[in-house]
Amino acid sequence: ATCAAVQVPVNGYAVDARYDRGWRCNRGYRVVGETCVQLAIPAHAYAAESSYGSGWECERGFRESQGACVAVGVPANAYLVSTGDDWKCERGFHRVGDRCNAIAVPANAYLDDFGSAWRCERGFRMEGSGCAAVRVPEHGFINYSGDDWSCEDGFRKKEDRCLALPETSVSRSRQSAK
């Protein structure tokens, strides 16, 4: 095994030749043949560490478009996302085209955990663009989900009522529960 001299071009640096050609280009330069050529970095961009892609990335608040960095227009009631190249509406607003519209929360409703939609309060169900009270019949109760009702033991749901089960059915169902 012999050692051969590596010719490192201007604006390049030496690396282990076992894993590469023996040199790489400095940040802001790109390999072209056996040389390092300076990148054309547009306004509002900076040289990237990666040797893949364009070699540059847009600053926060800008996004790449046709080889340039254009400003991200952030409308009222919005904020830049963590990557800085897009925006999201604040809690209580939803995106419609290039703006944020307020979410109309009807009576007996609240914003969901994400703040991007509304849900009816317990004891109400969604009807159209509002919340209607759940009508609970005698021997009924608001169920676990909170938007419907169920019947007490010994009764069964039939349309909008709770009907008593025949005594023999009640006895059997209580016996099987034990």
Check this for me: [X], atom [atom1], are more than 12 non-hydrogen atoms of other residues, nucleotides or ligands nearer than 6.0 Å?
{"X": "Arg119", "atom1": "CZ", "result": "no"}
{"X": "Glu90", "atom1": "CD", "result": "yes"}
{"X": "Arg161", "atom1": "CZ", "result": "no"}

Can you find a heavy atom in the side chain of [X] that is under 4.5 Å from one in the side chain of [Y]?
{"X": "Arg63", "Y": "Cys58", "result": "no"}
{"X": "Met126", "Y": "Cys120", "result": "yes"}
{"X": "Lys88", "Y": "Asp86", "result": "no"}
{"X": "Arg156", "Y": "Cys151", "result": "no"}
{"X": "Val31", "Y": "Trp23", "result": "yes"}
{"X": "Trp118", "Y": "Cys131", "result": "yes"}

[X] and [Y]: which non-hydrogen atoms are nearest, and at how many Å?
{"X": "Leu80", "Y": "Gly61", "value": "CD1-CA, 3.8 Å"}
{"X": "Gly84", "Y": "Val72", "value": "O-CG2, 4.0 Å"}
{"X": "Tyr13", "Y": "Val8", "value": "N-CG1, 3.6 Å"}
{"X": "Asp148", "Y": "Arg125", "value": "OD1-NH2, 3.0 Å"}
{"X": "Pro137", "Y": "Arg135", "value": "CD-O, 3.7 Å"}
{"X": "Asn77", "Y": "Cys100", "value": "O-SG, 3.5 Å"}

Which distance, rounded to the nearest 0.5 Å, do you find between the [atom1] of [X] and the [atom2] of [Y]?
{"X": "Arg122", "Y": "Ile142", "atom1": "CZ", "atom2": "CD1", "value": "6.5 Å"}
{"X": "Lys157", "Y": "Leu163", "atom1": "NZ", "atom2": "CG", "value": "12.0 Å"}
{"X": "Ser150", "Y": "Asn143", "atom1": "OG", "atom2": "CG", "value": "4.5 Å"}
{"X": "Glu57", "Y": "Cys69", "atom1": "CD", "atom2": "SG", "value": "9.5 Å"}
{"X": "Thr35", "Y": "Gln7", "atom1": "OG1", "atom2": "CD", "value": "14.0 Å"}
{"X": "Phe155", "Y": "Leu165", "atom1": "CZ", "atom2": "CG", "value": "8.0 Å"}

Has the side chain of [X] got a donor or acceptor atom that lies under 3.5 Å from a matching backbone atom of [Y]?
{"X": "Arg21", "Y": "Val15", "answer": "no"}
{"X": "Ser54", "Y": "Trp56", "answer": "yes"}
{"X": "Arg27", "Y": "Ala47", "answer": "yes"}
{"X": "Arg95", "Y": "Ala78", "answer": "no"}
{"X": "Arg30", "Y": "Leu39", "answer": "no"}

(request) Could you state whether Tyr29 and Tyr46 fall into the same hydrophobic cluster, counting links through intermediate Ile, Leu, Val, Met, Phe, Trp or Tyr residues with side-chain heavy atoms under 4.5 angstrom apart? (result)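 No; tracing contacts between hydrophobic side chains, which count when under 4.5 Å, never links both residues.
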
(request) Would you kindly confirm whether Ile41 and Val70 end up in one hydrophobic cluster when ILVMFWY residues are joined by side chain heavy atoms under 4.5 Å apart? (result)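 Looking at the clustering, Val70 is in a separate group from Ile41.
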
(request) Carefully, step by step, assess Trp149 and Cys162 under the rule side chain to side chain contact (heavy atoms under 4.5 Å, CB included). (result) CA-CA 10 Å; Trp149 56 271; Cys162 288; 3.5 Å; yes

(request) Take Asn101 and His94 through the test side chain to side chain contact (heavy atoms under 4.5 Å, CB included) and record every step on the way to the result. (result) CA-CA 5 Å; Asn101 288 353; His94 65 279; 4.0 Å; yes

